[in-house]
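Take a look at the structure set out below.
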There are 2 protein chains.
Amino acid sequence: MPIELHLADQQPLERSDAARNREALLEAALRLIDRCSVDGVTMGAVAHEAGVGKGTVFRRFESREGLMAAVLNRSETEWQAAVLGGPPPLGPHDDPMERLLAFGHSRLRINLTHGALITAAGHAGARSFAAVSFSAMHVRYLLTAIGVRGDIPLLATALMAPLEVVILEQQVGKEHMDLARIEAGWDDLVRRVVAG
Amino acid sequence: MPIELHLADQQPLERSDAARNREALLEAALRLIDRCSVDGVTMGAVAHEAGVGKGTVFRRFESREGLMAAVLNRSETEWQAAVLGGPPPLGPHDDPMERLLAFGHSRLRINLTHGALITAAGHAGARSFAAVSFSAMHVRYLLTAIGVRGDIPLLATALMAPLEVVILEQQVGKEHMDLARIEAGWDDLVRRVVAG
DNA sequence: GGGTCAAACGGACCGCGGTCCGGTTCTATT
DNA sequence: AATAGAACCGGACCGCGGTCCGTTTGACCC
């Protein structure tokens, strides 16, 4: 019987070839993304680019959404770091209201820039899982810090919903709104919600 | 040269067999939906069920999304009629605020009930096209009638965003919120936005 | 080094959405 | 009724996401 003494280690352990392939696949995906845009990223193409079989891609990442989520995760992680410990106004300081506004603007820009990727990551991505996402927790925290009264989780959702990719693409693509207007609209919404 | 004297007629005219097939396909789709749920509705299956070739389905409805949108359109149309001319509080009466609240509750229920279908209808469905949808127009109108000041189109979007299927399914499926709470949350949001 | 076995690998295979094109059918016109 | 040609029809075909299973490989123990 194996001793398994990797105390705080997570998952049962990953074989070295598996780890190597995961890395190779992620890099292959990145290469493909900026060579043929997001929807040029075919599972077969990624496999070929990384020099492995298609089955391997699926074992590592479960699905196309999973792969996209993994790619997305890189930039998303450093954004989260910026929120948790970066410079103001996004990072920690003593005016939660200003921080909330900065959060919205930042999220807005990201969702517009990486819209295709986020959409491709689907249910494995931004939203989902473990009950609530990072953004939801952060907004709830800020609302509480501001002193808003009411059903905080619901209010947080209401504030984040207009930042969703689907909504933004509708506004920019079909209704031809520009970024500044959408930002201003979000600020206004926040003020109204906070004022209560 | 053809005289084309169908004055207010829309599109170049539809051949009778084409019209017959469109009907047959829509009914086939409906039959399949409540026999095998929405994602059992395969283009091939619909074609077979209607007794036509697969190509025909695509010529009539462009894509799977298009077919779903056509199916959705039936219930959606009668809902729109209820909004425009039905009984209060959803239909016309003299308290726009109450009507707005009723709108939200109604939309909420529909989006939860027909979520799968709406999602399957995708960009050809609820949202899209001709610049703005029926719901957007209605909410903008009500906000104006209430006397809200500000960027009405943006505020309307902000109010409708939390009613989107993606959001609702997250709330109900992952965060286990019940309908009453979501309704209450929306009412609260509306009051805050209107109070401004 | 040699042996063992779980884990990873690869690529054939499947069903679906979507396209294409040669043959067929309806409508308008005479 | 006959003609012409546009519109429609069917189903073979393609690429993609996803699955399956026989084969290989790496980790661990002797």
Side-chain angles (χ1 to χ4, degrees), chain A residues 1-6 9-26 28-29 32-33 36-71 119-124, chain B residues 1-6 9-25 28-29 32-33 36-71 119-125:
Chain A
M1 68 188 75
I3 305 295
E4 296 285 349
L5 44 66
H6 35 77
D9 263 13
Q10 62 279 25
Q11 267 67 295
L13 201 49
E14 187 175 52
R15 245 168 63 170
S16 64
D17 52 346
R20 216 178 327 123
N21 280 341
R22 141 172 293 121
E23 247 1 80
L25 284 167
L26 276 177
L32 284 179
I33 281 182
C36 354
S37 152
V38 170
D39 30 50
V41 182
T42 287
M43 294 307 258
V46 174
H48 180 79
E49 175 82 19
V52 303
K54 206 167 73 162
T56 302
V57 190
F58 281 93
R59 192 166 328 93
R60 279 289 86 80
F61 297 102
E62 192 89 316
S63 66
R64 196 183 118 100
E65 290 193 353
L67 172 59
M68 296 312 203
V71 170
T119 300
H123 286 199
Chain B
M1 71 186 78
I3 305 293
E4 296 286 346
L5 44 67
H6 35 80
D9 265 13
Q10 63 281 26
Q11 267 66 296
L13 203 48
E14 185 174 53
R15 246 168 64 171
S16 63
D17 53 348
R20 216 179 325 123
N21 281 340
R22 138 171 297 117
E23 247 1 80
L25 285 168
L32 284 180
I33 281 183
C36 355
S37 153
V38 170
D39 31 48
V41 182
T42 287
M43 294 306 259
V46 174
H48 180 80
E49 175 81 20
V52 302
K54 207 167 73 162
T56 303
V57 190
F58 281 92
R59 194 169 324 93
R60 278 290 87 79
F61 298 101
E62 192 88 319
S63 65
R64 196 184 120 100
E65 290 193 353
L67 172 59
M68 294 312 201
V71 171
T119 300
H123 286 197

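Each chain gets a letter, A, B and so on, in the order its sequence line appears, and its residues count up from 1.
Rounding to whole angstrom units, CZ of residue R64(A) and C1' of dT19(D) are separated by 18 Å. Following rounding to the nearest Å, L32(A) (CG) and dG17(D) (C1') show an atom-to-atom distance of 16 Å. In this structure, D39(A) atom CG and dG17(D) atom P are separated by 10 Å, rounded to whole Å. Spacing between atom CE of M43(B) and atom P of dC9(D) amounts to 14 Å, rounded to whole angstrom units. The CE-P distance, from M68(A) to dG18(D), rounds to 11 Å in whole Å. Between the CZ atom of R20(A) and the C1' atom of dT25(D) there is a distance of 10 Å, rounded to whole Å. Distance CD (E14(B)) to P (dT25(C)): 19 Å, rounded to an integer number of Å. In this structure, CG of N21(A) is placed 10 Å from P of dG26(D), rounded to the nearest angstrom.
Nearest to the side chain of D17(B), among dC9(D), dA27(D), dG17(C), sits dC9(D). Closest contact between the side chain of K54(A) and the listed nucleotides dC9(C), dG17(C), dG18(D) involves dG18(D). Closest to the F58(A) side chain, of the nucleotides dG18(C), dC9(D), dG18(D), is dG18(D).
Put simply, the side chain of R59(A) and the base of dA8(C) share no donor and acceptor less than 3.5 Å apart. The base of dA8(C) is not paired with the side chain of R15(A) by any donor and acceptor separated by under 3.5 Å.
The side chain of T42(A) contributes an N or O atom lying less than 4.0 Å from OP1 or OP2 of dC16(D). At dC8(D), none of the side-chain N or O atoms of T56(B) fall inside 4.0 Å of OP1 or OP2 (strictly under the cut-off).
Closest-nucleotide positions on DNA chain C for R60(A) and E62(B) were compared, and the one nearer the 5' end corresponds to R60(A). Summary of the strand contacts: S63(B) and A19(A) both lie near DNA chain C, and taking for each the nucleotide with the nearest heavy atom, the more 5' one is attributed to A19(A).
E23(B) CD: more than 12 foreign heavy atoms inside a 6.0 Å radius.
Here the straight-line distance linking atom CZ of R59(B) with atom CZ of R22(B) works out to 12.0 Å at 0.5 Å rounding.
At least one side-chain heavy atom of V38(A) sits under 4.5 Å from a side-chain heavy atom of M68(A).
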For the pair R64(A) and V57(A), evaluate side chain to side chain contact (heavy atoms under 4.5 Å, CB included) and give the outcome as yes or no after the intermediate values. CA-CA 9 Å; R64(A) 196 183 118 100; V57(A) 190; over 6 Å; no
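Nearest heavy-atom pair, A29(A) versus L67(A), reported as atom, atom and distance to 0.1 Å: CB-CD1, 4.3 Å.
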